[in-house]
Structure formats: structure tokens, C-alpha cells
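Read the structure below first, then the notes.
Numbered from 1 within each chain, the chains take letters A, B, ... in sequence-line order. Remember, predicted model here, so these are calculated numbers, not experimental data.
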Amino acid sequence: MFDPACGSGVFLKEVLRQLSLKNYQGKVRLEGWDISPAAIDMARFILLYEKDQISSKFSIDVEICHRDSLDRTHQWSNDVDIILMNPPFLSWNHMNKKQRELVKESLGDLMQKTPDLSSVFLWKGVKSISSKGVIACILPTSILDAQSHLKIRESILAQIDLYLVGKLGNDLLFSNAEIYTTILVAQSPKNNKFALSLWADHKLESSSAVLRALRRYNYYGRDPFNVVDQNGFSIYENPSLNDNLISWSPRSYKAFNLLRQLEKFSKVKDIFKIRQGVLTGFKAAFLLSKETIEALPKKERKFFRPAIVTESISNSHLLDVSYVFYPNSKDLPKIDSENDLDKYVEAYYQTYLLPNKSKLISRSRKSENTWWTLNEYRAWQVDRKPKLVSTCFGKAGSFAWDGSGDYVAVQGYAWFLKKSNIFSEKLGLAYTAILSCPFINNLLASVSNHVGRGQLDLSIRYIENMPIPDLTASNLDLDTLESLYKIGGLISSGEDFDDRALNELVLSLYQLQSNTISLLEL
DNA sequence: TCTTGCTACAGCGTCGAGTG
DNA sequence: CACTCGACGCTGTAGCAAGA
């Protein structure tokens, strides 16, 4: 048994305890490596003590080494029976140049984008287990669905089978860390059995409850009909886990079932092209409230456009509470220098840009000649085109119709039709109605991740997999479209509407029974 | 009544990579 | 090389509670 990041050796110690409880009779060799000398001292002390306590029962061989597991000079063995580890988490953003080089080199062909340091441990671990081995680790959640780890997931499945993938939905399980944690267990040889999905919501008590349930579940033996489906956590066999590379991320059992039911349904990515909004690089200088804009001289105001930020969308209703400095429009004079700034937007330049010059110029990829520009202005927003817009994080009702195309997505996304350049108001408002229906929350939970205790991540990579009716289909009932359009119009302008009628309509579009909604409360 | 601590929540900025 | 896209991983802070 090997732990390449053993710390004070708690996992190794627990293995001994478990073997002893199970009356193990054979031999066991424990190997632990760690980069911290202090941890190694503790591990040696603890394991020596533990060995002393139980050495009468079976033969124990312990080797604890002070070494860096990622150092090339230390080869990982290739016939380990059990790897149990909690490797260090280190995001690409926080790595120094040397660490980045090391990750690149260690991952080789599997290197893409911005992987986490822990992925190197995972991959080396998978290659190290014997033909009849098991690897179990605690990892950051990005291992499960980030594009940066896609090739690693692919290579893992080529070699071994997943046994359990668990997500503990609370980001504060470890003190001094704020990260969503995943449990991953995989085994060799491949046996084509279904893997278990284990899910807990964002409440702290759900994480401990699901682990208690797992112990019970294991104690009574695995049984595909034995599903744990509680309020806040679930455990179930997931037939698609071992051939799904896009996401291993566990969902609640109800969300999982709903998605399976709608497997063949059209998806957001079939109908929409979604784009990420502006990234300012320094919000305080570029985003102004409506009142502030109105205090600027009139001739400067045309250099600003209403912005989509979180407060801009409330119950599918669009509000121009915030404006962004957007001088890129075609009908405006080009601003290429500080002279131009002084000429066209003097008041704004003096009050908001100049006082922040040092901060603005320190942004990456910005220089003396470009310090007043947005980090990413998004060329597609220059032309005003009708679009659906959404916030960054949210739920049903966090979507709205921007018929004039005036709005610039900043902290949010814009949806355009894929097949047509013309996005009619009828379609726009009809989709607004669908996306404001409470049932959408169930669908969002089945494709996306929670962030910050509750709201869902509306990022492209999640939401593009959400089932959604194709209102452009030729066989669509025109009465339905008309009704949706009318309701969408009411919602969009903040007026009252018949929400029960909308629910019925949306469920019928999804071809679901109208009683599904109560069954599917998430 | 003022100060400090804590919890809940909502975005932000950097950067790898694709395109032409 | 210039330009553009979207992924990624936590950080900042308002507002309330507890303590002085």
C-alpha cells in the first residue's frame, strides 16, 4: 500500500487498523512519501506505534521516505495493490514557473490548458497500481469535469474502471481551504461493472450524512436496486460513468434520472451559440451605475452601454442599473490615445480612468498604449443584435430577452440562434418564458454545479448540455408558441402572468407528465 | 453603543489556446 | 503576430451576531 503524499501517515495507519479489524492474516508492506520532514517524523512515530500494537496479528513492513513524489529521480513502483492518497491541490494560477514546467513534463501528452497539480498525482497513481489494484483519492472537483483534465479522464478509463465517484457539496470541509472536494475510487482490472455515484448538496450536514450512508451501503453489500435517495444526498449505480469523459460529476438521484429521461431531447447547444461576456479586468473603473452615467456630460454617455451584471436581471426582467465603458461601437470616433480620451470623454477620463491608471496598467497584457481598454471587449458585442442574456450564476428567471441588442454582457452570457442570423422577438420571448419556469431549476441541477451555497453556474460548458425544446422545429404547434410568446412578454415587462399555465405548457413541451414536477422537487 | 468576528453570497481577472 | 475566445479557481465584502 502506497501513499505518495502521506503527510503524518493517517491513511497508512487507518489501513492497518482496518486490516486488523478484518482479521487479516497475510503480509502487508506500507510505503509513504512526503515532501515535509516534520510530517515524515510524525508518520514514522505514529506507524511505529501502530505496528507495535498489532504486529502479533500479521507481518508489517513500513517504509516512510522524505522525498518529493514529483521529482523525476524517484520512480513510482508499478505494482502497488492499494494507493490511498490526498495529494496537494494547487491550481495553475498559483503555480510558479518551475511548478508549471514540472506539471507539463509529468503529464506529457495529457497536458492541456490549466491542470491542477493533484492531477499529476492521480495519473502517476493510476499507472502505478498492479493488475489487481485499487486507487482511492481525495481530489479537487475540477478533476471530474474540467476540460483541462479531459485527456486524463480518458486515459484513466482506458486502463481501469471507476468504482465510486463522490462529490461533497460543501466547500469548507477542510479548515483553511475553500474548495469543493471529490472522492474517486478506481480499480483494475476492468470489469465493466457500474460505478457508484455519491452526491451531497451544499449543506455541511449532508456531507457527513452521505458518508454514514455509504458505510451502511457497503456493509449490506452492493445492490443495484438499493438506491439512497435522501433530502440532500444520494448514492446510486450510474451506468454511464465508465464511458462518459465530459463529466463524472455526481448529481442528485432525482436530477440524474430526469436527465436520463430527457437523453434524446434537443440540447441548448443544438439550438444556441452562447458567448461569454466582457471581462473588464478592473470593474471599478469601467462599470458605472445609472445615476453616475446621468451625471456625466451628455456627449460622453454614448460611449457607454447598459451592462448585463447580476442586478440587471430580476425574474427575467431586464434593468439598466449598470453601464459599461464601451467605446468600440462603429458609429463612435476611435479612441486610440490619452489625447482622444481627453477629447471625447474628458469627465470620465479625469474622474474614473486617470485616478486608477496604475492599477489599470498593472493588468496583464496591458501597456502604456492600451491601459484604458477592457481586458476582453468581445468583438461580437460591437454590433447590436437581439439576444437572450443570462447572469453568470443563477436559476430559472436569471435569463432575459434583449430585443434591441443594446445591452453588453459583462458578468453574464449572451445566447444567439445557431441556425439563423435573425432572432425574432417571438422566439426570444417564448424562450424567456421557458427559462423562467421553476421546472428549469430541476434541469439546471442536472447539468450544472452549485457555486457559493445555492445558485447554479450558468457557464457555457454546463448549460449547453441542458435539454431544451426546439421552438424552431417545423412540427411545432403554433398555438403553443403563441401562448409562450404572450407569457414571455408579460414576464419580460414585469407584469403578472398565469404561472400554472406556464408550468403545464413547459412540461408538455418536454413531453413530461404534469405530475412530474412534484416528483422531481430537488 | 461601539468593535470585532462570522456567515452567506455573488464574480472577478488571468491566461492557455485557437484562428487567420 | 494580432486578435479573440472561454476555462478556471477561488476572493472580496455586506450585513448581521456576538462580545467588550
* Structure fact -> Per nearest nucleotide of DNA chain B, the residue lying toward the 5' end, A/R363 or A/V309, is A/V309
* To do: Figure out the CE/C1' separation between A/M95 and B/dC15, and round it to whole Å.
  => 13 Å
* Structure fact -> Those residues at least two apart in sequence (or on a different chain) that pass side-chain contact (heavy atoms from CB on, under 4.5 Å) with A/Q99 are A/L90, A/M95, A/N96
What are the atom names and distances for every N/O pair under 3.5 Å that joins the protein to nucleotides 17-20 of chain B?
unit_1 : atom_1 : unit_2 : atom_2 : d
B/dA17 : OP1    : A/K113 : N      : 2.5

* Any Lys/Arg nitrogen of A/K343 or A/E338 sitting under 4.0 Å from an Asp/Glu carboxylate oxygen of the other? -> no
* To do: Examine B/dG13: is either OP1 or OP2 under 4.0 Å from a nitrogen or oxygen in the side chain of A/S364? Give yes or no.
  => no
* Asked: CD of A/Q147 versus C1' of C/dG6: gap in Å, rounded?
  -> 8 Å
* With a 4.0 Å heavy-atom cut-off, tell me which residues in residues 371-386 of chain A come close to DNA chain B, sorted by residue number. => A/N375, A/E376
* Structure fact -> Residues in residues 406-413 of chain A with a heavy atom under 4.0 Å of DNA chain C, by number, are none
* With sequence neighbours left out, write down each residue that passes salt bridge (Lys or Arg N to Asp or Glu O under 4.0 Å) with A/R260, or none if nothing qualifies. => none
* List in chain and number order the residues that pass salt bridge (Lys or Arg N to Asp or Glu O under 4.0 Å) with A/E495, two or more places apart in sequence or in another chain; answer none if no residue qualifies. => none
* Structure fact -> In whole angstroms, the gap separating C1' of B/dA10 from CG of A/D457 amounts to 12 Å
* With A/R378, which residues qualify under side chain to side chain donor-acceptor pair (under 3.5 Å), at least two apart? -> A/Q276
* Hey, does A/T391 reach any base, or is it just sugar-phosphate, or nothing, if we go heavy atoms under 4.0 Å? -> nothing
* Under the side-chain contact (heavy atoms from CB on, under 4.5 Å) test, which residues partner A/S362, sequence neighbours left out? -> none
* Residues that A/E294 engages under side-chain contact (heavy atoms from CB on, under 4.5 Å), provided they are two or more places apart -> A/K290
* To do: Would you mind reading off the distance between A/L456 atom CG and B/dC9 atom P, rounded to a whole angstrom?
  => 13 Å
* To do: Could you check whether A/S142 gets within reach of a base, just the sugar-phosphate, or nothing at all, counting any heavy atom under 4.0 Å?
  => sugar-phosphate
Can you give each donor-acceptor pair under 3.5 Å made by side-chain atoms of residues 265-273 of chain A, sequence neighbours left out, with the distance rounded to 0.1 Å?
unit_1 : atom_1 : unit_2 : atom_2 : d
A/S266 : OG     : A/I468 : O      : 2.6
A/K267 : NZ     : A/E263 : O      : 2.9
A/K267 : NZ     : A/F265 : O      : 3.1
A/K269 : NZ     : A/N465 : OD1    : 2.9
A/D270 : OD2    : A/K267 : N      : 2.7

* Give a yes/no answer on whether the side chain of A/S91 brings an N or O atom under 4.0 Å of OP1 or OP2 in C/dC10. => yes
* Asked: Between C/dG6, B/dG16, C/dG9, which one does the side chain of A/I460 approach most closely?
  -> C/dG6
* To do: Mind checking A/E464 for me? I need base, sugar-phosphate or nothing, with any heavy atom below 4.0 Å counting as a touch.
  => nothing
* Using side-chain contact (heavy atoms from CB on, under 4.5 Å) as the criterion, list what pairs up with A/L319, not counting sequence neighbours. => A/H317, A/V321
* To do: Assess the side chains of A/Y236 and A/D229: does a donor N or O sit below 3.5 Å from an acceptor N or O?
  => no
* Which residue pairs satisfy the side chain to side chain donor-acceptor pair (under 3.5 Å) criterion with at least one member in residues 412-422 of chain A, sequence neighbours excluded? -> A/Y413-A/S459
